[in-house]
Amino acid sequence: MSDLYIYNSYTRQKEKFEPITPGHVGLYVCGPTVSGESHMGHARPYVTFDLVNRYLQHHGYKVRYVRNITDAGHFEEEGREAEDKVAKKAQLEKLEPMELVHKYTSLFHWAMRLFNCLEPSIEPTATGHIIEQINMIQDIIQKGYAYEVNGSVYFDVKKYAEKYPYGKLSGRVIDDLLETTRDLEGQDEKRNKVDFALWKKAPAEHIMRWTSPWGEGFPGWHIECSAMSSKYLGETFDIHGGGMDLQFPHHESEIAQSTIAHGHPPVNYWMHNNMITINGKKMGKSYNNVIKLTELFSGNHPILEQPYHPMVIRFYILQTHYRSTLDFSNEALQASEKAFRRLWEAYEVLQKLQPNTGAASDKALDAKVTTWCHECADFMNDDLNTAKVIANLFELAPVINSIKGGQVKPDALSGETYALLLQTFKTYLVDIMGMQPLQAAQSNKLDQVLSLLIDIRRDARQRKDFATSDQIRNTLAESGILLKDEKDGSVSYTIE
RNA sequence: GGUCGCGUGGCCGAGUGGCUAGGCACAGGUCUGCAAAACCUCCUACAGCGGUUCGACUCCGCUCGCGACCUCCA
C-alpha cells in the first residue's frame, strides 16, 4: 500500500506518516466536555477522527484510539471567580454532578452510535485520573517550571519559553502574548499573564473537589489530556487530534507540560479539523448559534426546515475536506441528503448486478472505471481527501445505473473490474467513510404487506385500472413509502 | 490591536501553473399509462487591481470583503 501523508499542524505541511512502533498507531483525540449537550459543531471532530481511525486500520495498523471524557469541568472564566462548569450547572438543575455527567455522557454515546463512529479503545475520564494529574503537576513543580500560590499551581510559561518553542503549534510569539494578552481581573497570583493553571484551589461552594498536596481543589484546563495520553499511549505518541480552536491555548499548553514532565515533546503529528460555521460564523456557545444534535435529528429548531438523519450529517461532513470550514445551511444539508441517497442506491444496485465473467467489451469505459477506483486510495493517502473520493464514487454511480438501465451493456466491464467496483464501494463508502443506509432493515411483515399491495397494483395496471394503481401508489407515498416501477417490470420501494 | 487563514459558477464544495472535480438546483431530451427513479445534454466559475510567466483560478504584491485564534470553546 502506498504511503499515507497527513498535514501536521505543528510543522504546517503534509508529512509522510510513520508510526513510532511499526504496525501500531497511538491516536489521542480531545473528547467532549460532558457538562451539556453536544451540538452540530462537535460532530465534526468525532466524525473526522473516526475516519482517521478507520483509515489507519484500513492501512493495516493496529490503532489504540484514546478519546477522553472531560467530566471535571474547566473554569468558566479564567481569573474571575473560579467555577467548575459541571458543578455550576448541577446546582442550577438540582442534580448531582455525577448524575449530570452521566446524562450527557450517555447522550454523547448515543449520538456517536447514530453517527456510526467506532468506539475508542479507551475512553478515560478526567475524574478517574486525578492522581495521575497530581503526580504530573508535582513532577513539573520539581523540575522548576510550576509554582504554587495560595493553593493553586501555575505553569511558568515565560521560563518555559526561554528554552522551548512555546507558541510554535499555534503560531504565537511569546513576546506578543506577554504584551497583548487581555488584562483580566484576579491575575495577580500569576507571575505572568501567559501562565496557565495546573491546579486550582476550590472555593468553599465548589462541589467537585479533590485533596491534593496544595489543599482542596481541582485540576486545571489542560493537564488531563497530558496525563491521560501519556498514561495510555506513552510519553511520545503518534497522532493528537482535535478542533482547530483547541490549538491555543489547550494544545500549546499540553506540549509545554509534557515537554517539561517527560523531557521531550509528546506528539509527532498534530491534526486539527476546521470549524462548522453557520451564516459564516463559528457555531459555538459564545455566538448563541448552536444547533444541538438532538435538535438536528428531530428538526426541532427554528433554523431547521426538516430533521436530518445522522448519516446525512456524516456524509455532509465527509463531502468537505476536514481542514476547510463547513458552512451549515438547510440547502446544503438537503443537497447532501439527496446526493447520499443516490450514491447509496447505486451501491445497492451494484450489489445486485450480475457480474460479467469474461473480458470487457468496452475497453475505454473499463479503463476509466478502473482508474476511478484506484484513485480513491491516492486521494485518501493525500491527507484523507474524502471530498475527492466521494467525487469519484459519483463518477462510478452513473456507470452502475447505466448497466442496470440498459444504456451500458452488462459485459462492458470485465469480471475483474466488477469485483474492483464492488470492493471500492464497500471499502471506501462503508468501511472507511463508515456510511450506513438511511433506512433501517424492514421487517418481514411489512415486506409481506407491501408485496401484497404491489401485487394488487400490478393487477390493476394490467387491467389499465390506473385509478386503483395510482391510489395505492399515492396513498403509500403519503406515508413515506415510495414505489418505483423498474424497467424490467418489477417494483421496488423505499421508505423515507 | 496582534497572529493566522479564507474569498471558486444559483447554492454547497474539490483542485491545479496550461488538460478547466463532484454534488444539489435549473433547463432540454430519452424511457414511462402517469409518476418517481435512472440515463444523456446544457449551464464553464475562480473578489478587485497590478506583477512574474510563452501561459495563472493556481506564484508574488497591494486593495477590498469575510472568518478563526488571542477568553471556555470541536
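Keep in mind that the numbers below use all heavy atoms, side chains included, and drop hydrogens, waters and symmetry copies. Source: prediction; values computed, not measured.
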Query raised in the report: Does rG23(B) have F394(A) stacked on its base, where the ring centres are within less than 5.5 Å and the planes differ by under 30°?
Result: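 Stack criterion not met.
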
Does [N] have its OP1 or OP2 closer than 4.0 Å to a side-chain nitrogen or oxygen of [X]?
X       : N       : answer
K285(A) : rC73(B) : no
R342(A) : rC24(B) : yes
K338(A) : rA25(B) : yes

Between [options], which nucleotide has the shortest distance from any of its atoms to the side chain of [X]?
X       : options                   : value
L326(A) : rG13(B), rC24(B), rA14(B) : rG13(B)
S469(A) : rC39(B), rG13(B), rG33(B) : rG33(B)
P45(A)  : rA14(B), rC24(B), rA74(B) : rA74(B)
Q407(A) : rA37(B), rA74(B), rC39(B) : rC39(B)
D245(A) : rA38(B), rA36(B), rC73(B) : rC73(B)
Y287(A) : rG67(B), rC69(B), rA74(B) : rC69(B)
T33(A)  : rA21(B), rA38(B), rA74(B) : rA74(B)

Report which part of the nucleic acid [X] touches: base, sugar-phosphate, or nothing (heavy-atom distance under 4.0 Å, all strands).
X       : value
L483(A) : base
G242(A) : sugar-phosphate
E337(A) : nothing
N392(A) : nothing
A339(A) : sugar-phosphate
L246(A) : sugar-phosphate
L343(A) : nothing
M283(A) : base
K282(A) : base
N474(A) : nothing
R461(A) : base
D470(A) : base

Report summary line: Comparing nearest nucleotides in RNA chain B, the 5'-proximal residue of the pair K464(A), G41(A) is K464(A)

Query raised in the report: More 5' along RNA chain B: H42(A) or N385(A), using each one's nearest nucleotide?
Result: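 Comparing both residues, the 5'-ward one is N385(A).
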
**Report entry** Atom P, compared across rC59(B) and rC46(B): separation rounded to whole Å
**Finding:**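 Nearest-Å result for rC59(B) against rC46(B) at atom P: 16 Å.
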
**Report entry** Inter-nucleotide C1' distance (rC66(B), rU8(B)), Å rounded
**Finding:**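 Each nucleotide's C1' atom is 15 Å from the other's.
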
Which residue pairs pass the salt bridge (Lys or Arg N to Asp or Glu O under 4.0 Å) test when at least one of the two sits in [range], sequence neighbours left out?
range                       : value
residues 341-356 of chain A : E337(A)-R341(A), E345(A)-K484(A)
residues 315-331 of chain A : R323(A)-D383(A)
residues 385-409 of chain A : K404(A)-E486(A)
residues 307-321 of chain A : D50(A)-R314(A)

Requested in this report: Quick one: list whatever passes salt bridge (Lys or Arg N to Asp or Glu O under 4.0 Å) with D411(A), sequence neighbours left out.
Outcome: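 Testing D411(A) for salt bridge (Lys or Arg N to Asp or Glu O under 4.0 Å), a comparison that skips the adjacent residues, returns none.
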
Report task. For D366(A), check salt bridge (Lys or Arg N to Asp or Glu O under 4.0 Å) against everything at least two apart and list the hits. Result -> none

Query raised in the report: Distance only, no hydrogens: is a donor on one side chain within 3.5 Å (strictly under) of an acceptor on the other, for Q306(A) and N330(A)?
Result: no

Query raised in the report: Do S253(A) and Q257(A) have side-chain N/O donor and acceptor atoms under 3.5 Å apart?
Result: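 S253(A) vs Q257(A): no donor-acceptor pair found between side chains.
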
Report task. Classify the ring geometry between H251(A) and W270(A) as parallel (under 30°), tilted (30 to 60°) or perpendicular (over 60°). Result ->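 Tilted.
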
Query - Aromatic ring pairing H222(A)/F196(A), orientation class (parallel under 30°, perpendicular over 60°, tilted between) - result: perpendicular

Query - Strand RNA chain B in bracket notation, Watson-Crick/G-U under 3.5 Å with | for pairs to another chain - result: (((((((..(((.....[...)))..((((.......)))).....(((((..]....))))))))))))....

Query raised in the report: Does the T475(A) side chain pair with the main chain of I472(A), one donor and one acceptor, at a distance under 3.5 Å?
Result: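 Between the backbone of I472(A) and the side chain of T475(A) there is no qualifying donor-acceptor contact (under 3.5 Å).
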
Query - hbond_proxy R473(A) side chain to rA35(B) base (donor-acceptor, 3.5 Å cutoff) - result: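 Yes, a donor-acceptor pair under 3.5 Å.
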
**Report entry** Donor/acceptor link under 3.5 angstrom from D485(A) side chain onto base of rC34(B)
**Finding:** yes

Query raised in the report: What residues, two or more places apart in sequence or in another chain, satisfy side-chain hydrogen bond (donor to acceptor under 3.5 Å, both in side chains) together with R12(A)?
Result: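 Applying side-chain hydrogen bond (donor to acceptor under 3.5 Å, both in side chains) to R12(A) gives none.
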
Report task. List in chain and number order the residues that pass side-chain hydrogen bond (donor to acceptor under 3.5 Å, both in side chains) with Q133(A), two or more places apart in sequence or in another chain; answer none if no residue qualifies. Result -> none

Query - Where at least one partner belongs to residues 307-336 of chain A, residue pairs that pass ring-ring contact (aromatic ring centres under 6.0 Å, His included), sequence neighbours excluded - result: F315(A)-F340(A)

Report task. For RNA chain B, determine which residues of residues 307-324 of chain A have any heavy atom closer than 4.0 angstrom to one of its atoms, and list them numerically. Result -> Q319(A), T320(A), H321(A), S324(A)

So which protein N/O to nucleotides 3-10 of chain B N/O distances come out below 3.5 Å?
residue: rU3(B); atom: O2'; partner: G171(A); partner atom: O; Å: 2.8

